[in-house]
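Remarks on the structure that follows.
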Amino acid sequence: MDFETAALLHRGTVIPAHPLALDASRRLDEERQRGLTRYYLEAGAGGLAVGVHTTQFEIREHGLYRPVLELAADEIGAGRPFLRIAGVAGPTGQAVAEAEIAHELGYDAVLVSPGGLSDRSDEDLLDRSAAIGEVLPTIGFYLQEAVGGRYLPRSYWRRLADQPSTVAVKAAPFDRYRTLELVQGVADSDRGGEVALYTGNDDNIISDLLTPFHVRGGVRRFVGGLLGHWAVWTRSAVEILEDAHAAVDGDAGARARVEALSAMCVDANAAVFDVRNRFAGVIAGVHEVLRRQGLLNGIWCLDPHETLSPGQAEELTRVQRTYSDWLR
């Protein structure tokens with residue numbers, strides 16, 4: 001990661017989780033996949049996370065991991081500083097191999113998913129992160145239990161921040177107590193100031209961005225978001241983060257604007273992520289919004305059983321009508 005990209009990471013930016021564009025036969029639609037990447041670039045995002053949950057973990061079973069990362073890297077190209085983040089998953093050997101692919105393709109860092117490793121000890125997870133960090137800088141990830149995560153104590157986050165390869169952490173436990181523990185754990189590390197805090201709490205984005213966390217060494221804040229929710233209506237996300245940063249710097253007007261959108265963000269996220277049905281339609285929900293934006297031809301997922309839940313389309317219509325002035 002070069003100096004300018006590292007500065008962008010620590011300043012804070014919008015990092016959407018990149019979806020997967022498929023055709024009606026559930027094959028990769030390269031044209032639409034490239035179009036999605038261009039959309040995020042044009043919307044003002046400062047980075048992209050590819051190969052993560054929103055991209056569908058099943059890409060690995062279909063031989064799509066490298067092609068999807070390669071398409072995004074090709075579209076991003078050179079130019080302004082931009083964070084190229086690859087998701088890595090699975091046991092240590094698999095995750096290291098994926099990190100090597102990402103390194104080969106020019107990615108800056110990897111988001112280390114803990115999903116599917118519930119039988120591993122905290123020590124095992126830390127050793128895994130250290131091994132991955134031999135290849136690329138790492139971003140720790142606190143994943144909510146509803147989609148495969150587990151409880152990770154304050155001491156885990158301190159020890160993860162102690163690792164020289166850790167450049168950021170994504171907090172997505174969807175739990176205020178656990179989010180606080182993560183921030184405290186990072187702050188307890190002697191190199192905690194070198195670790196950027198990114199919200200992944202799609203249910204509490206604005207609160208995370210505005211909250212001062214009083215911890216060891218002073219106040220820590222979430223500087224940006226790495227979010228599936230920001231894969232849709234991304235122009236609005238960029239405006240929200242700009243106002244959140246201005247609010248933290250003392251701009252009262254910006255604070256009033258962004259606070260006024262807090263409930264809207266939660267309501268919109270509930271529809272997109274299908275909260276009523278325990279996130280069963282989360283990826284299809286993202287696809288449906290992108291379809292309505294003209295960016296996807298359909299909502300097809302690699303798993304043919306993964307689709308919108310009953311009533312989810314109506315909820316999406318409701319929030320789009322209610323908040324049409326803000327969702328862009």
Side-chain angles (χ1 to χ4, degrees), residues 9-17 46-47 49 52-54 83 85 87-89 109-115 117 122 125-126 129 137-163 165-189 191-231 237 240-241 244-245 248 258 262 265-266 269 273 275 279 282:
L9 176 71
H10 286 271
R11 184 167 63 248
T13 191
V14 169
I15 306 176
V52 294
H53 175 254
T54 306
L83 287 157
I85 298 169
V88 299
V110 291
L111 179 68
V112 182
S113 173
L117 300 172
D122 291 353
L125 294 181
L126 289 164
S129 291
T138 60
I139 299 174
F141 185 7
Y142 202 166
L143 180 65
Q144 62 160 316
E145 290 187 44
V147 291
R150 74 181 208 209
Y151 174 68
L152 293 166
R154 185 183 295 114
S155 59
Y156 173 87
W157 297 106
R158 176 186 59 76
R159 294 176 66 193
L160 184 69
D162 283 341
Q163 295 184 359
S165 57
T166 303
V167 293
V169 293
K170 169 182 173 172
F174 284 40
D175 182 295
R176 304 315 294 159
Y177 301 108
R178 294 183 182 187
T179 297
L180 177 58
E181 283 190 308
L182 177 149
V183 177
Q184 291 169 334
V186 170
D188 285 344
S189 169
R191 61 178 304 276
E194 301 174 48
V195 179
L197 299 178
Y198 273 71
T199 180
N201 288 318
D202 304 76
D203 64 336
N204 233 312
I205 298 168
I206 289 175
S207 178
D208 273 354
L209 293 173
L210 293 180
T211 298
F213 292 85
H214 295 271
V215 291
R216 176 191 172 196
V219 174
R220 290 299 308 269
R221 294 181 181 273
F222 285 94
V223 296
L226 197 168
L227 296 154
H229 182 75
W230 281 356
I240 284 171
L241 185 61
H245 282 175
V248 169
V258 75
S262 183
C265 283
V266 177
N269 181 255
F273 275 27
V275 174
F279 307 97
V282 54

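Throughout, residue positions are numbered sequentially from 1 according to the sequence presented. What's counted below: heavy atoms across the whole structure, side chains too, no hydrogens, waters or symmetry copies. Bear in mind that the values here come from a model prediction, so they are computed numbers and not experimental data.
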Over all atoms of both residues, closest heavy-atom pair of [X] and [Y]:
X	Y	value
Ala171	Pro173	C-CD, 3.3 Å
Val52	Gly87	CG1-CA, 3.7 Å
Pro16	Gly47	CD-O, 3.1 Å
Gly200	Ala172	O-CB, 3.3 Å
Val215	Ala187	CG2-CB, 3.5 Å
Ala231	Ala17	CB-O, 3.3 Å

Separation of [Y] [atom2] from [X] [atom1] (nearest 0.5 Å):
X	Y	atom1	atom2	answer
Tyr142	Asp175	OH	CG	7.0 Å
Thr199	Asn204	OG1	CG	7.5 Å
Trp230	Ile15	CH2	CD1	9.0 Å
Gln163	Arg191	CD	CZ	9.0 Å
Asn269	Leu227	CG	CG	8.5 Å
Ile205	Ser262	CD1	OG	9.0 Å

Query raised in the report: Hey, mind stepping through Asp122 and Arg150 against salt bridge (charged side-chain N to carboxylate O under 4.0 Å, His left out) and telling me if it holds?
Result: CA-CA 10 Å; Asp122 291 353; Arg150 74 181 208 209; 2.9 Å; yes
Query raised in the report: According to the interplanar angle, ranging from 0 to 90°, do the rings of His229 and Phe273 count as parallel (below 30°), tilted (30 to 60°) or perpendicular (above 60°)?
Result: perpendicular
Can you tell if the side chain of [X] reaches within under 4.5 Å of the side chain of [Y], non-hydrogen atoms only?
X	Y	answer
Leu143	His53	no
Ser189	Val195	no
Arg178	Glu145	yes
Trp157	Val183	no
Leu160	Leu152	no
Val112	Lys170	no
Ile139	Val167	yes

Query raised in the report: So, does Arg221 use its side chain to make a donor-acceptor pair with the main chain of Leu209 at under 3.5 Å?
Result: no
Report task. Could you tell me whether a side-chain N or O of Arg216 sits under 3.5 Å from a main-chain N or O of Asp188, the two making a donor and an acceptor? Result ->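 A pair under 3.5 Å: yes.
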Query raised in the report: For Arg176 and Asp208, what are the C-alpha separation, side-chain angles and deciding distance, and is it a salt bridge (charged side-chain N to carboxylate O under 4.0 Å, His left out)?
Result: CA-CA 9 Å; Arg176 304 315 294 159; Asp208 273 354; 2.7 Å; yes
Requested in this report: Tell me yes or no: between the side chains of Glu181 and Tyr156, is some donor less than 3.5 Å from an acceptor?
Outcome: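 Short answer, no.
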Query raised in the report: Can you find a side-chain donor-acceptor pair between Thr179 and Asn201 that sits under 3.5 Å?
Result: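 Yes.
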Query raised in the report: Does the side chain to side chain contact (heavy atoms under 4.5 Å, CB included) test come out yes or no for Leu117 and Leu125, once each step is laid out?
Result: CA-CA 8 Å; Leu117 300 172; Leu125 294 181; 4.0 Å; yes
Query raised in the report: When Tyr198 is tested against each of Thr13, Val169, Leu111 for side chain to side chain contact (heavy atoms under 4.5 Å, CB included), which residue passes?
Result: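 Single side chain to side chain contact (heavy atoms under 4.5 Å, CB included) partner of Tyr198 among Thr13, Val169, Leu111: Thr13.
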**Report entry** Chi angles and distances behind the side chain to side chain contact (heavy atoms under 4.5 Å, CB included) call for Val223, Leu197
**Finding:** CA-CA 6 Å; Val223 296; Leu197 299 178; 5.7 Å; no
